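Below is one structure, written out as structure tokens; comments come after it.
Note that these values count all heavy atoms, side chains included, but never hydrogens, waters or copies made by symmetry. From a predicted model like this one, the values you see are computed outputs, not experimental measurements. Numbered from 1 within each chain, the chains take letters A, B, ... in sequence-line order.
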2 protein chains.
Amino acid sequence: MEITIKDVAKEAGVAISTVSKYMSGGSVRQENEVRIREAVKKLGYSPNSLARGLKRSKTFTVGLMIEAMDGPYWAKLINYLEAELQKIGYALILCCHGKSVELAREYAEYLTSQMVDGIFFAPIQEEEDYMNVPREKEIPLIALEAAKGFEVYGLVQTNYTAMAYELVENLIIKGHEKIAVIGGAPSLRSVQECMRGYMHVMEDYDIEVCREWMLYGENTRESGLEMMYRLWQAEKKPTAVFAANYYMAMGVLRAASELHIVVPDELSLAVIDDYVFSTLVPVKVTAATQPLEKISHEACRLFRESLEHPKQKRAEKVRIKGEIVPRESIAPPRDEEEE
Amino acid sequence: MEITIKDVAKEAGVAISTVSKYMSGGSVRQENEVRIREAVKKLGYSPNSLARGLKRSKTFTVGLMIEAMDGPYWAKLINYLEAELQKIGYALILCCHGKSVELAREYAEYLTSQMVDGIFFAPIQEEEDYMNVPREKEIPLIALEAAKGFEVYGLVQTNYTAMAYELVENLIIKGHEKIAVIGGAPSLRSVQECMRGYMHVMEDYDIEVCREWMLYGENTRESGLEMMYRLWQAEKKPTAVFAANYYMAMGVLRAASELHIVVPDELSLAVIDDYVFSTLVPVKVTAATQPLEKISHEACRLFRESLEHPKQKRAEKVRIKGEIVPRESIAPPRDEEEE
DNA sequence: CTGTTAGCGCGTTCAA
DNA sequence: TTGAACGCGCTAACAG
């Protein structure tokens, strides 16, 4: 760095504090305002964020701590969140800890020492005491997709229960009763909630639940494939499958292809996904999108709210559900079209 | 922030500068070392990054400026880059400007005022003069996937020409001669290079190029679908299609499904993609992955290199090609497996 | 090796 | 409104 506020003051022939006031939007004498503005432009001055942050204890910077940026979930969420923060003049520091509590703790301390104005984070499983340092410094904490309510300012999560309910209800309304559900690891909140939503709606519609049709796996395509084979090996076969996850749904469709199951004549598929679900084969699929845009919006709202309150409020919990969308489909080009 | 270096000094009964030296890894008298360490632990002290950065003109922070985090390309690249930077103790500030030159300029100035130690950026089309402010401050600039060589420290890009060459050569070796190529907008470097690589290999193998088989579109599934229809409307049909992009390849496969083209009996498909290409239908596809890991590695290497050189070196250009991989496939579960 | 001193660049008193 | 002074927390230069 070279040109400082001092240079601008000298160039404009005013005191440093006058320039400071001007730069912060304060009112200055007309005459000085002009001189300062011209000096700023001439020298190409822009205030040093570090010095400013140091002095004001405000950096207009937030941290985001996640496991990693694989899959589309975090990529899309970050995209929305970044846009949201941009509107209110905040920048984002990205920290991927890869599930390492140690690394997470280091990042948390780093962000604290950077004096970020807030931290968004997705807790590692049940753990989150690695956030103690920023918590003690009273940096607003926003938990994303946490399993339980931690001691944070706010918490935003997908309401999988409601989504599962709606999605399965959708199948029921279409006449299905033999509905299987396949989920990932039973330790995951998303899977637990999907199962709960499934149970609820089946109860509400007085449909008997077949335990063999509630399968747990791994949220991978391979797992989905395997579960389909397992379902189709049994005597009683379902007419619809609810996959809690995009990748599993891919496995389901792949299995359908290999087992020569016709979708949706013999099988209907419902899925909750981060993508807008789309396949190559022309099948009818009911999809519910992850409410990523809403989640980031709510997270940002909570953050803004936290800026106004002086002290940390306890865990305001916001649960959001996505919407059911018709499967995205691409139409073959029409003949009428000129070439 | 509350506890400062001053508190630690008082607690340990030494001078501030002694603590400073200790915190920066300098050697201190054994006796003092112990006292300082205990004071640090007792008070939970950690140095303020802002003050430190302000003083040393070094923040251990870099900026990354891209258009947006849609698609898997940037998501994956960021993931690799973050990991790479993490190793050398750097944090990443993410800035998405959405192709707005104005916003990009603001971000560039912001990062400069943040005194980042370097900026990675993907230039907006041919423009990039919005990077003038950081350039004047001699902040190392690393351009990613730029179309031409700007005035930067380093430039890393995918070598699409080589990838296209290899991929098409692969088809030729398998006996194909009637090979079509479909790409996105002709203004894109990636598309231009794909076409060039295609031309080169066809020339090298003395195969006549049919102009009607070189189609430009939009890097979307819809576009791929449409192009396939166009190809199949003609008299002469290709036996292989090289899609420059994952989405277009999806369109091709969808079209194949609708036009009842059997892949790979009637048609072979080659594709350059960011994902590891995988489809639902069990078709043989040759895919070449984007060299995202290498790109981020090289970008980080250039950055590290720039830290040693005092002044900015001019545009070292690194071109990297990905590798051809067999299509990822998932096997159906074996019967031998116990259930 | 230690302590004192002088800033890094800025915002914020206070008096004028 | 303005300008001089001081301090944010830290490091670097110097003297002891």
A:N48 CG to D:dC10 C1', in whole Å, measures 14 Å
Between B:R35 and B:N32, is there a side-chain donor-acceptor contact under 3.5 Å, judged purely by atom types and distance?
no
With a 3.5 Å cut-off and no angle check, do the side chains of A:E109 and A:Y130 form a donor-acceptor pair?
no
Measuring from the side chain of B:A15 (C-beta onward, heavy atoms only), which nucleotide among C:dT4, C:dC10, D:dG3 has the closest atom?
C:dT4
To the closest 0.5 Å, what do you measure between CG (A:L64) and CG (A:L85)?
9.0 Å
Whole-Å distance, B:K6 NZ to C:dT4 C1', equals 14 Å
A:S17 side chain near C:dT12 phosphate (N/O to OP1/OP2, under 4.0 Å):
no
Can you tell which of D:dC10, C:dG9, C:dC8 lies closest to the side chain of B:A51?
D:dC10
Using modelled atom types and a 3.5 Å cut-off, is there a donor and acceptor pairing between side-chain atoms of B:D117 and backbone atoms of B:F60?
yes
Considering only side-chain heavy atoms of B:L54, which listed nucleotide, D:dG9, D:dT2, D:dC10, is closest?
D:dG9
Listed partners of A:A108 passing side chain to side chain contact (heavy atoms under 4.5 Å, CB included), at least two apart:
A:M65, A:M131, A:P134
Taking atom types as they are modelled, is there a donor-acceptor pair under 3.5 Å from the base of D:dG3 to the side chain of A:T18?
no
Name the nucleic acid region contacted by A:T4, choosing base, sugar-phosphate or nothing; use a 4.0 angstrom heavy-atom cut-off, strictly under.
sugar-phosphate
Could you give the CD1-to-P distance, from B:I3 to D:dG9, as a whole number of Å?
11 Å
Output for pair (B:S306 OG, B:E138 CD), nearest 0.5 Å, gives 11.5 Å
D:dT11 phosphate, OP1 or OP2: any side-chain N/O from B:S24 under 4.0 angstrom?
yes
Distance check: side-chain N/O of A:R56 vs OP1/OP2 of C:dC10, anything under 4.0 Å?
no
Just how large is the angle between the end axes of the helix from C:dG3-D:dC14 to C:dC14-D:dG3, five pairs per end, to 10 degrees?
40°
Does B:K55 make a side-chain donor-acceptor contact with the base of D:dG9, cut-off 3.5 Å?
no
List the atom pairs, donor and acceptor, that lie under 3.5 Å between side-chain atoms in residues 290-297 of chain B and the rest of the protein, sequence neighbours left out.
| unit_1 | atom_1 | unit_2 | atom_2 | d |
| --- | --- | --- | --- | --- |
| B:Q290 | OE1 | B:T158 | OG1 | 3.3 |
| B:Q290 | NE2 | B:Y160 | OH | 2.8 |
| B:Q290 | NE2 | B:D274 | OD1 | 3.2 |
| B:K294 | NZ | B:E323 | OE2 | 3.4 |
| B:S296 | OG | B:L292 | O | 3.2 |
| B:S296 | OG | B:E293 | O | 2.9 |
| B:H297 | ND1 | B:E84 | OE2 | 2.9 |

Over how many whole Å does the gap from A:K21 atom NZ to D:dA4 atom P extend?
16 Å
Over how many whole Å does the gap from B:M23 atom CE to D:dT11 atom P extend?
8 Å
Closest to the side chain of B:Y45, out of D:dA12, D:dC10, C:dT12, is D:dC10
Whole-Å distance, A:L43 CG to C:dG9 P, equals 14 Å
When you look at CD of B:Q125, are more than 12 heavy atoms from neighbouring residues, nucleotides or ligands closer to it than 6.0 Å?
no
If I take atom CG in residue A:L50 and atom P in nucleotide C:dC10, what distance separates them, rounded to the nearest angstrom?
11 Å
Among C:dG3, D:dT11, C:dG9, the one nearest B:R52 by side-chain distance
D:dT11
Does a side-chain N or O of B:N32 approach OP1 or OP2 of C:dT2 to a distance below 4.0 Å, or not?
yes
How close or far is atom P of D:dA4 from atom NZ of A:K10, stated in whole angstroms?
13 Å
Which is true for B:I16 with a 4.0 Å heavy-atom rule: it touches a base, it touches only sugar-phosphate, or it touches nothing?
base
Relative to the 5' end of DNA chain C, which residue comes earlier, A:V19 or B:Q30, by the nucleotide with the nearest heavy atom?
B:Q30
